[in-house]
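Reminder, nothing fancy here: chain letters follow the sequence lines and each chain counts from 1.
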There are 2 protein chains.
Amino acid sequence: MRKMQNLSKNQQIIFDLIDKSPEPLKAYSILFNVQKRGIKAPLQVYRALDKLVEIGKIHKIESRNAFIACQNSSCQISKATAFSICESCEKVTEINNSNLSKYLTGFKDKNGMKYNKYNLEFFGLCKKCISKKS
Amino acid sequence: MRKMQNLSKNQQIIFDLIDKSPEPLKAYSILFNVQKRGIKAPLQVYRALDKLVEIGKIHKIESRNAFIACQNSSCQISKATAFSICESCEKVTEINNSNLSKYLTGFKDKNGMKYNKYNLEFFGLCKKCISKKS
DNA sequence: TTACAAAATGTTATATTATAACAATTTAAC
DNA sequence: GTTAAATTGTTATAATATAACATTTTGTAA
Ligand SMILES: [Zn+2]
Ligand SMILES: [Zn+2]
Ligand SMILES: [Zn+2]
Ligand SMILES: [Zn+2]
């Protein structure tokens, strides 16, 4: 049984903000939003983000430099992440597909590397944006 | 038959530099290296990089903000990229595995999104770095 | 319950990555 | 040759992220 991670004050403030956001948040947008709660400097935000990523409560969407709360119970999956990104409305969803994660976790390339982590980002158009175009 | 893309002067200079580099290059490192060849401003570098990415001659390693020349004949594959990244020595290799690319190109999630592109980054330890640790 | 170490915080400054805005020049197509 | 598109040149600035150092809080164990 894994010990429950209690978040520190800044970590909790920033996690709450990200967790209730319908879209990925950028670091300076987070900073702007938490200034009223006493977090004044970029470094305070980045330190909390680093920790939250490390413990799997949030993920960084690398292609967008933005952060999203984990949708998948946050335990082990932070080392095996997949996202779908709509290039029109920028909606981002964490993909939770065991077939996909099994395939990628088990993937071995001929180069002899030992993988312990992956991050996959799919790009395309979401349902809404497809129908808007018709 | 796709028309041969002739690169412009700046594009060629920057592509040559990236292509002969054994490791991914960052934009400002590129800038520093091409200043003797007349490219003086960040924007000149970023414009060339954007174009080279667009036509598939190079790829951006999103987790590293760095650029690598395409190893896979550069035609169609720029919409289906996969890389292996050693977290110890930072060696990056483009993965060319048709099983993997078929699996991911054909991947359909239950969310109804239409994907036209993906980028996958695997992290781990390369052979050399594994043996160094023993 | 104190003493120690680890983690988190606060703060200022600075480094790194990337784009806006506008003018001029080169290239390619008709 | 004329025109449109692409590329280049240039200055300034926006956006993202870390260095360095001092202090405080928290957890652990003697
Ligand atoms: Zn997750
Ligand atoms: Zn959409
Ligand atoms: Zn490639
Ligand atoms: Zn290595």
Side-chain angles (χ1 to χ4, degrees), chain A residues 2-18 21 23-68 85 87 90 92 119 121, chain B residues 2-18 21 23-68 85 87 90 92 119 121:
Chain A
R2 189 164 175 276
K3 189 191 165 193
M4 181 60 184
Q5 284 279 359
N6 287 310
L7 300 181
S8 73
K9 178 172 133 286
N10 289 0
Q11 289 159 16
Q12 190 70 56
I13 290 170
I14 287 172
F15 175 71
D16 288 344
L17 183 69
I18 296 173
S21 169
E23 62 197 358
L25 295 179
K26 303 193 142 220
Y28 277 73
S29 149
I30 292 168
L31 175 58
F32 180 81
N33 274 281
V34 296
Q35 276 177 333
K36 64 189 79 122
R37 307 201 57 186
I39 296 175
K40 291 178 196 144
L43 200 43
Q44 294 174 289
V45 173
Y46 280 104
R47 283 195 288 223
L49 290 173
D50 284 350
K51 189 68 184 184
L52 291 167
V53 166
E54 182 192 327
I55 65 179
K57 300 280 288 180
I58 66 171
H59 303 301
K60 183 174 187 180
I61 310 300
E62 292 286 356
S63 66
R64 300 297 186 263
N65 297 319
F67 299 85
I68 189 175
I85 302 170
E87 290 182 302
E90 292 293 325
V92 174
N119 180 57
E121 298 181 2
Chain B
R2 187 163 176 278
K3 188 191 165 193
M4 181 59 186
Q5 284 279 1
N6 287 310
L7 300 180
S8 74
K9 178 171 133 285
N10 289 1
Q11 288 159 15
Q12 190 70 57
I13 291 171
I14 287 172
F15 175 72
D16 288 344
L17 183 68
I18 295 172
S21 169
E23 62 198 358
L25 295 179
K26 303 193 141 221
Y28 277 72
S29 150
I30 292 167
L31 175 58
F32 179 80
N33 274 279
V34 297
Q35 277 177 332
K36 64 189 80 121
R37 305 200 58 185
I39 295 175
K40 291 175 197 147
L43 200 43
Q44 294 174 289
V45 172
Y46 280 104
R47 283 195 288 223
L49 290 173
D50 285 350
K51 189 69 184 185
L52 291 167
V53 167
E54 183 192 326
I55 64 180
K57 299 280 288 182
I58 65 172
H59 304 301
K60 183 174 186 180
I61 309 301
E62 293 286 355
S63 65
R64 299 298 187 263
N65 297 319
F67 299 86
I68 189 176
I85 302 171
E87 289 182 302
E90 293 293 325
V92 174
N119 180 57
E121 298 181 1

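- Summarising the geometry, the separation between CD on B:Gln12 and P on D:dT8 is reported as 11 Å, rounded to the nearest angstrom.
- Side-chain contact between B:Ser63 and A:Asn119: absent, with no pair of heavy atoms (C-beta onward) separated by less than 4.5 Å.
- Distance A:Leu31 CG to C:dT11 P: 13 Å, rounded to the nearest Å.
- Contact detail for A:Ile61 and A:Ile68: the closest heavy-atom pair is CD1-CG2, 3.8 Å.
- In this structure, CD of B:Gln44 is placed 19 Å from P of C:dA21, rounded to the nearest angstrom.
- Whole-Å rounding puts the B:Lys51 NZ to D:dA6 C1' distance at 7 Å.
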Next on the checklist: The test is side chain to side chain contact (heavy atoms under 4.5 Å, CB included); show your working for B:Ile30 and B:Leu49 and say whether it passes.
Outcome noted: CA-CA 10 Å; B:Ile30 292 167; B:Leu49 290 173; 3.9 Å; yes
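- Per the geometry, CD belonging to A:Gln35 stands 13 Å off P belonging to C:dG10, to the nearest Å.
- The side chain of A:Lys9 places an N or O atom within less than 4.0 Å of a non-bridging phosphate oxygen (OP1 or OP2) of C:dG10.
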Distances for protein N/O vs nucleotides 12-16 of chain D N/O pairs under 3.5 angstrom?
residue, atom, partner, partner atom, Å
D:dT16, OP1, A:Lys26, NZ, 2.4

Next on the checklist: I'd like to know whether A:Ile14 forms a side chain to side chain contact (heavy atoms under 4.5 Å, CB included) with A:Leu7, so could you lay out the CA-CA distance, the side-chain angles of the two residues, the decisive distance to 0.1 Å, and finally the verdict.
Outcome noted: CA-CA 10 Å; A:Ile14 287 172; A:Leu7 300 181; over 6 Å; no
Checklist entry - Between A:Arg64 and A:Glu121, is a salt bridge (Lys or Arg N to Asp or Glu O under 4.0 Å) present by the stated rule, with each step listed? => result CA-CA 10 Å; A:Arg64 300 297 186 263; A:Glu121 298 181 2; 5.8 Å; no
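- Within the structure, every side-chain polar atom (N or O) of A:Ser8 is placed at least 4.0 Å from both OP1 and OP2 of C:dA7.
- Going from atom CZ of B:Arg47 over to atom C1' of C:dT25 covers 12 Å, rounded to whole Å.
- Between the CG atom of A:Asn10 and the C1' atom of C:dG10 there is a distance of 9 Å, given to the nearest Å.
- Contacts classified as ring-ring contact (aromatic ring centres under 6.0 Å, His included) and involving residues 48-67 of chain B (residues at least two apart or in different chains) are given here: B:His59-B:Phe83.
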Next on the checklist: Is there a side chain to side chain contact (heavy atoms under 4.5 Å, CB included) between B:Glu54 and B:Asp50? Walk through the geometry before answering.
Outcome noted: CA-CA 6 Å; B:Glu54 183 192 326; B:Asp50 285 350; over 6 Å; no
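- At whole-Å resolution of the value, CD in A:Glu54 and P in C:dA7 are 9 Å apart.
- Closest of all the heavy-atom pairs between B:Gln44 and B:Lys40 is OE1-N, 2.9 Å.
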Item to check | side chain to side chain contact (heavy atoms under 4.5 Å, CB included) between B:Asn10 and B:Arg37, intermediate numbers included | outcome: CA-CA 9 Å; B:Asn10 289 1; B:Arg37 305 200 58 185; over 6 Å; no
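- Annotation: the terminal axes of the helix from C:dT1-D:dA30 to C:dC30-D:dG1 meet at 50°, where each axis is the rotation carrying the C1' atoms of four end pairs onto the next four (5 pairs per end, rounded to 10°).
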